[in-house]
Amino acid sequence: MSYFVRKLGFYLVALWAALTLNFLIPRLMPGNPVDVLLAKLQQRGGIVDAATRRSYELLLGGGTDEPIWVQYGNYLVNLAKGDLGIAVSVFPTPVSEVIGQALPWTIALVGIATILSFILGVGLGAIVGWKPGTWLDSLVPATTLLAAVPYFWLALILVLIISSTWQLLPGMGGYDVVLSPGWNTEFILSAIEYGTLPALTIVLSSIGGWLLGMRNMMVSTLSEDYILTAQAKGLRNSRILGGYAARNAALPSIAGFAISLGFVVSGSIITEQVFSYPGIGSKLLQAVQNSDYALMQGIFLVITLAVLGANLLVDLLYGIIDPRTRARS
Amino acid sequence: MTALTERAVRPVLTVEDLSVVYDVANPVTAVKNVSLTLAPGEILGLAGESGCGKTTLAYAINRLHKPPARISSGSVTFSDADGSDIDLLALSDEKLRAFRWSKLSMVFQGAMNALNPVISIAAQLDDVLRTHRPGMSKAERRARGQDVLQRVGVDPKRLNSFPHELSGGMRQRVMIAMALILEPQVMIMDEPTTALDVVVQRDILREIIRLRDELNFAVIFITHDLPLLLEISDRIAIMLRGEIVELNSGEQIYRNPQHPYTQKLLGSFPSLTGDRGDFIRTGDHALTGDNR
Amino acid sequence: MTNLTPTTEPSVADADEALAATAREEGRKPRAGWRAMLPSMTPSLVIGFGIVAAIVLFGLLGPLFVQDPTTVRNSGLQPPGDGHLLGTTQTGQDVLAQLAFATRGSLEIGLIVGVLATLLSAFFGVLGAYLGGFADEAFSLFSNVMLVIPGLPLVIVISGFVPQEQRGLWTIAVVLAITGWAASARVLRAQTLSLRNRDYVAASRVAGERSWRVIAVEILPNLLPVIASQFVFAVIFAILSEAGLAFLGLGASNSSTLGTMLFYAQNGFALQLKAWWWFVPPGLIIALLGCGLSLINFSIDEIINPKLRNVRAHAKRMRIARKAAAR
Amino acid sequence: SASGSGSSGGSGSGSASDTLVAYTGQAGDYQINFNPYSPSTIGGPGEIFEPLFYYNQLQSGDPKPLLGTEFSWNEDGTVLSVTLRDGVKWSDGEDFTADDVAFSLNLLKENPAVNAIGFDGEVAVVDPTHVTITFPAPAFVNGPSILGRTWIVPEHLWKDIDPATDVVAEPVGTGPFVLGEFKAQAFRYDANPTYWDGEPELKHVRYVALSGNQAGADALAAGSIDWQTGPVPDMANVEKNYPGYKAVTVHMNQVALFTCSNAELGCEGPQTDPAVRQALYYAMDRDQINSLAFQDTAAEVSPGFALPERDAALLSDSLPEQTAPMSPDVDKATQILEAAGYAKGSDGIYAKDGVRLAMSVRVVTGWTDYITAVDLLAQQAKAVGIEITALQSSWNEWTEVRGLGEYQLLIDSVTQGPAADPYYMYNEFFSTANTGPVGQSVNPGFARFSDPEVDAALAALRTSNPTDVESRKPHYDIIQQKIAANLPYIPVLTGGTTSEYNAAKFSGWPTEEDLYAVPAVWSRPDSSQVFASLTPTGK
Amino acid sequence: MTSVEVKNLTKEFHIRNGMKRSTLTAVDRVSFDLLPGRTVALVGESGSGKSTIARMLARLEKPTSGSIDVTLDDRTPVHGSVYRRHVQMVFQDPFASLNPFHSIEHHVARPLKIHRRTRGAAETHERVVHMLERVNLSPAEDIAARRPHELSGGQRQRVAIARALAPGAQVLIADEPVSMLDVSIRLGVLNLMARLQREDNLAVLYITHDLATARHFSDEILVLYRGRVVERGPADSVILNPQHDYTKLLAASAPDPERMGKLVRATGAPDRSGIDNSVSFNHYTGEWTSLDKRPVPVS
Ligand SMILES: Nc1ncnc2c1ncn2[C@@H]1O[C@H](COP(=O)(O)OP(=O)(O)OP(=O)(O)O)[C@@H](O)[C@H]1O
Ligand SMILES: Nc1ncnc2c1ncn2[C@@H]1O[C@H](COP(=O)(O)OP(=O)(O)OP(=O)(O)O)[C@@H](O)[C@H]1O
Ligand SMILES: [Mg+2]
Ligand SMILES: [Mg+2]
């Protein structure tokens, strides 16, 4: 039990730390939403004078005089109530609505891409590691090079070639805007079509890490005694590869997978920027640029919960796939 | 026992002139022209100091050696109980796979690590049966697993345990159970008890002997503990730098060692109950010559 | 019976003798401790080292030989040619000159982050694991929390908060280091935990060594390959992250790095204008540097995990054997 | 329905020939909000909710009647009478009446939070087509905001709406368009079949969401958007690079080096000395800046800040020069400095009383044109012995220091008011009322400029009828002279706003010859004027 | 000369097992004396607490209760940092107890420097060479410059012994010092230790599970079973005349070629559940005592 109690304790502390950081950071940041919105209005040819400023202050609520700990208390109470506040950058929409609208896109695109690159990377890694020293090993430096390329650089070049020059796949947006979002085939096909290129770039740039890690673990695992035993037992190679070698070698990768799953939410900023993809990353950028504290806090909360949730999930999963964990605690 | 040693019976395993080379920068011939035979139901002890090639020989017999190891010469013939002879070194991969474990099984040096840590004992036993006895039903396989565990003195209730939940001695027994599960004619045991407590070690040895008497498989028992071998083996082979320098019945090896190395090995074990020798605690015994 | 004295000294293999003999034969000076920590020369190491060395030299010496990267000319977007080996930017600045300075900037960031993150991770990972008990619990909880807290957003937020005058390279580097050390700390902790229980650590304590000396002299050297590998990762992480931040307009704004250079190229529509000489080289240098460092890391991996080395040695033998067979 | 989708690499708006795809430059997708009074509205003003009149910021002259047909001021500017259009219907079928107008104006007064124009009049409904508005003080200058920037909303629906906090997802207005469909990635206007001026020929307008300028340029290249305002590669050759597209550039906002100029209000640094600002003014090589930083889209600027073309009639004759010199005058710059007592140091930088002429310029990270301009300015200033270093920061931070006055120099642009009258710009940027001491956030008197004569001139302008150009000119003269002498904002160039549009698919776009509206896609309510004037060519 | 008096040494470990925290008494009220020139052997099955006792003596672990008194001949107690000069330990695994990173010289020189046995680099080096020669490692100069992986197991264990003796240790704790070594070199190392013991009049605690060497290399044997001493006495009497059930079992389990083919066939494994560790047989007094040292009637 203590394994789970300790884990739970860790998650609570991590959550509390994240929430507190979440509370503090925006308050330490420069700029306030009134000024930013005014500046934005002015840029767009709006009239800005003292009256405008006054009205915006009234609307958005200026700085509060409450002591910081009262604010902190209110913040925690509101969070507990599920009230994330109002996103001033899209005033008066509640933060939860903004996030609710953006989150599915990110989760679908980056989540699927992450899972895909994990499966492909670990799968290829297992194959490469199964017969190390063969030509397959040359996959390793190749994928490493891909991983070392700045992601947006790769993405932009791919967009230029695949999307702009060859016109194979759309390189902008989340779906054909002519269609209405909904659970119909046409829309889903369109979403898949639009998501292919972004997903491809994510997979390309992240597959190398999985592949290398898995390959090295395979090599180590293959020299374990139980692999030799399995061979002596006359098991088929497929069974040894799947049930004995890869099964054990994949354990560290799975832990890594948890962490990367958690970062699905936050890792999408650049992707969404390059591909004009709707999602949480662009919302975060929007929040930061508009000093939209509430939105920022809301997104952080979601990210932290995602990371913690994914970790928790894998901790539990780990207990199942690696029976030793439960004993080790 | 002596009857067995006189090759009156058709041997179950014949190794002739076997050499194994490690193709490394300075190639090492880890096993040199080894010949031996193993009669059905016989326990053949293989002793020698660390690195003399015992494990390499065991692997080569089952063709488990991996590069850089290479069999440079010799033959290994398995004479099946049904009368056919199998040239192990000539078997195709698939035939070899089918041969392994069903005719010849192994218990490895450090068998504690020979169990896959992430799947249960039941699944690992089941794997063997599923591969080699495809006809068996699930229930039959489970019953068989329980049966072999029972035989080696492990509570069949532990079938669903994971290796880490068992003590070292129990894991060792599980490995032996696994080696038994297909009732092979030959079992190679490579230092199966080295890491264990003497008391546990004794239990396991007793178990092996009992099972051998019951099932009549032949055993190649590898260890560097000569006194132990003397207790349990019918014949003992002494290995030195890849060669078998002496092969004789346990009685002969103990009473009348021929090769100086055998003599030295025997001298390395002070007797438990015998006299306190003159060399003890004098600090200048000839054996301390290896002190550079 | 067992007390029998062998009549003759057996002509027995004496491993000790053999070993001593080989060492004497080769007559070489035995390798010093740190030497064994060096990766053996492999093709990947040679290539990786070559690439990294070339780029570092370019970053170090390049700025001494090129033109002033900020000088604007009225001849914008010239393709590579006379006068400008790599052409010019939209405002007529020499791309090669910019590249040299930007490489230096990125290397600086990589180095600062590498050093800082390594120090942080060594502190939290090694010290915590060595001390054990509450310190270990606290340190490992702290690094786990740091690992869970999303990095990039934190970077965005923190870099917005640092005062303008201190902005730039150092800020970005410090922020990246703060957000990037936790994973290494976990690796180092695991390694230290296993080293801490080695007998030689206990032996040095029995000999009377003080704790700091046990850590510094007995444990740290054996962690060197791991630390080196983490350092290399931190450098790659830093350079890539800086580029990513720069792309979002949040990079080391007042310094010149490969990231900011890419940002300007991107904003100057270099790709759309097919000014590849402006857009491609910075990205390529990052990619090559990352690739070179990864190749070096392969060799470090081989020290950490000797099984990997065996694979390579084996592959090499197989090749030689195949070649021999072909002949 | 997905005709041709996916064929283009862009946002796949494979659009029908009667659908115009516009991109406003907004980054990220849309959050539904068609409340015209909300600061984060994504649409509505102009297309759906109309003002009474349309004021074109680019051309002086009478405003275009929309819901109002005529208006008149009393002598002292305290009573405004408006005649309303008859027979207009809301898009839900209800009749539009004077009560709606009164309701809309009173809405502002009752909700200070949305009263961004500071409306303080009393509205009286004379009859269904006439209203009069009475002000406590002369309010000539408030006319354009009240008449041109107050969105008339239907009383029968809005009486239940909180204008400050409701998002109005189903807007009902009188405008030429109605909301067709909203999606976060795009929303669509459809032509209003019951529009009082007849159903527009442009049947659909779709706004798409992209991630910024880069994406906009890419989408334009892919032909997936028809109108956007923003930079594209090789701006001078839009017609050649994008077949079927044309570009139009308008010059409205003056790019300037804002200075924290007023030591009395707490500004610190060499730039508080007018001589230094003058020297910088002459040091600039405006041609070089125009070509390298702005792709030659900017235009000449007047040191008095009136727009040389639009405000030609108001340009003061007594300025040292009508427009700032396009090439640097190093001699004059150094002369000014030396006359003010500066001496050149060994490092080539002037100094006085041990204080070097070294200043920092704030610029927003990522605004590459301004960053380039600042880099160029630094080089040019160096030639006259002034050291300028660029300090980049995030927009938030830059906005904050700009408001607080905690900067030495920053680069930004001076913006215009609701009508083609420089009064608004002068009043906003140069009046004492709109500034404050350093440390107090103000907007937009960023330069902390304060001059009683300018304030007096502005007060006089407030009480004179804007149509009475002759009586107003002397006041403008004073303001321009004061500004040009003091240079709190050192003019760089008049920035150009370039829009690219699909001329093959639609005709009737504003051109440089006929700027009937500000041709910027984000400019409201100008965009509705453009949409209403477009005719699909059927291609 | 230094001697050690161990009294009622107890060590408890707190094990977290799920929600429960249980206490494991790894060592329970163990007492013995280590006297100069004498060897005490500690034998017992795996997990009986042998290493824990060694670690407590080496101050790697704090006893839960009981005392370890180290005194000089004149009964002055040895405390603090001097303690480590007097009491040293040789570990079981010579492959793990030498730091692969450092040269042999480093290993032997560190204790010298820590305990200020030598002054200056030259003297230290000389001393290192001398120590290596004493443990029969020659050429010592050559060996000193090598690193552990260049030595065989036996050579390494000699280095470990040299290191332990370097600061002038008078009490040597050897925790299974030869169990990881090849059979053919075990005796060599044990003999070396015996020689050094004689030469320096060392007090030695020899921990092993090998009854045969325990018998031959020690004066006194303590048999440990589940943390408690169940039998103690002169080496020969304990081995040849075991009294406690556990000692008997242990003796019967040790391989003995003299019993060729016999013991193994003896039916059935002995039942260990009935073994009682609450009583102890003392060969010196010939009595059974309970844990609290009270005599108990013969069972
Ligand atoms: N992979 C390898 N490459 C090179 N040489 C090897 C390799 N594996 C084993 N050897 C050498 O082959 C010889 C025999 O090794 P082997 O493992 O068979 O010895 P062993 O008798 O089983 O020893 P132990 O008692 O330690 O298990 C040794 O000298 C060893 O150094
Ligand atoms: N740090 C520790 N925490 C918890 N339990 C411990 C710890 N160290 C030892 N133990 C337990 O104390 C008991 C005695 O262990 P110890 O290592 O002293 O046995 P040993 O006699 O040396 O065994 P071996 O012959 O296997 O070396 C064992 O049950 C062991 O599991
Ligand atoms: Mg072996
Ligand atoms: Mg122990």
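Reminder, nothing fancy here: chain letters follow the sequence lines and each chain counts from 1.
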Inset, instruction - Could you check if a side-chain atom of A:Y75 sits within less than 4.5 angstrom of a side-chain atom of A:Q297, using non-hydrogen atoms only? - result: yes
Legend entry - Engaged part of D:N115 at the chain A interface, taking heavy atoms whose separation is under 4.5 Å: backbone
Inset, instruction - Heavy-atom distances under 4.5 Å only: say whether D:N35 touches chain A with side chain, backbone, both or neither. - result: neither
Inset, instruction - Decide, yes or no, whether a salt bridge links D:E181 with D:K183 under the criterion of side-chain N to carboxylate O below 4.0 Å. - result: yes
Inset, instruction - Give a yes or no on whether a salt bridge exists between D:R402 and D:D412, defined as a side-chain N under 4.0 angstrom from a carboxylate O. - result: yes
Legend entry - Side chain, backbone, both or neither of D:N33 within contact of chain A (heavy atoms, under 4.5 Å): side chain
Legend entry - Atom group of D:T165 that falls short of 4.5 Å from chain A, counting heavy atoms: both
Legend entry - Side chain, backbone, both or neither of D:F446 within contact of chain A (heavy atoms, under 4.5 Å): side chain
Legend entry - Pair D:S523, D:D526: side-chain N/O donor-acceptor within cut-off below 3.5 Å: yes
Legend entry - Winner by heavy-atom pair count (cut-off under 4.5 Å) against chain A, out of D:L404, D:N443, D:T399, D:V442: D:N443
Inset, instruction - Could you look at A:S89 and say if it's the side chain, the backbone, both or neither that has a heavy atom under 4.5 Å from chain D? - result: backbone
Inset, instruction - Quick one: pull up CG in D:N253 and CE in D:M425 and give me the separation to the nearest 0.5 Å. - result: 9.5 Å
Legend entry - A:T20 and A:Y72 side chains, donor-acceptor separation under 3.5 Å: yes
Inset, instruction - Search all heavy atoms of D:S211 against all heavy atoms of A:Q273 and return the closest pair with its distance. - result: OG-O, 2.6 Å
Legend entry - Segment of D:F429 engaging chain A (4.5 angstrom heavy-atom cut-off): side chain
Legend entry - A:Q101 portion near chain D, given a 4.5 angstrom heavy-atom threshold: side chain
Legend entry - Residue among A:S282, A:G279, A:P181, A:S190 with most heavy-atom pairs under 4.5 Å to chain D: A:P181
Legend entry - Gap separating the CD1 atom of A:I270 from the CG atom of A:L156, nearest 0.5 angstrom: 10.0 Å
Legend entry - Residue among D:A184, D:S431, D:G118 with most heavy-atom pairs under 4.5 Å to chain A: D:A184
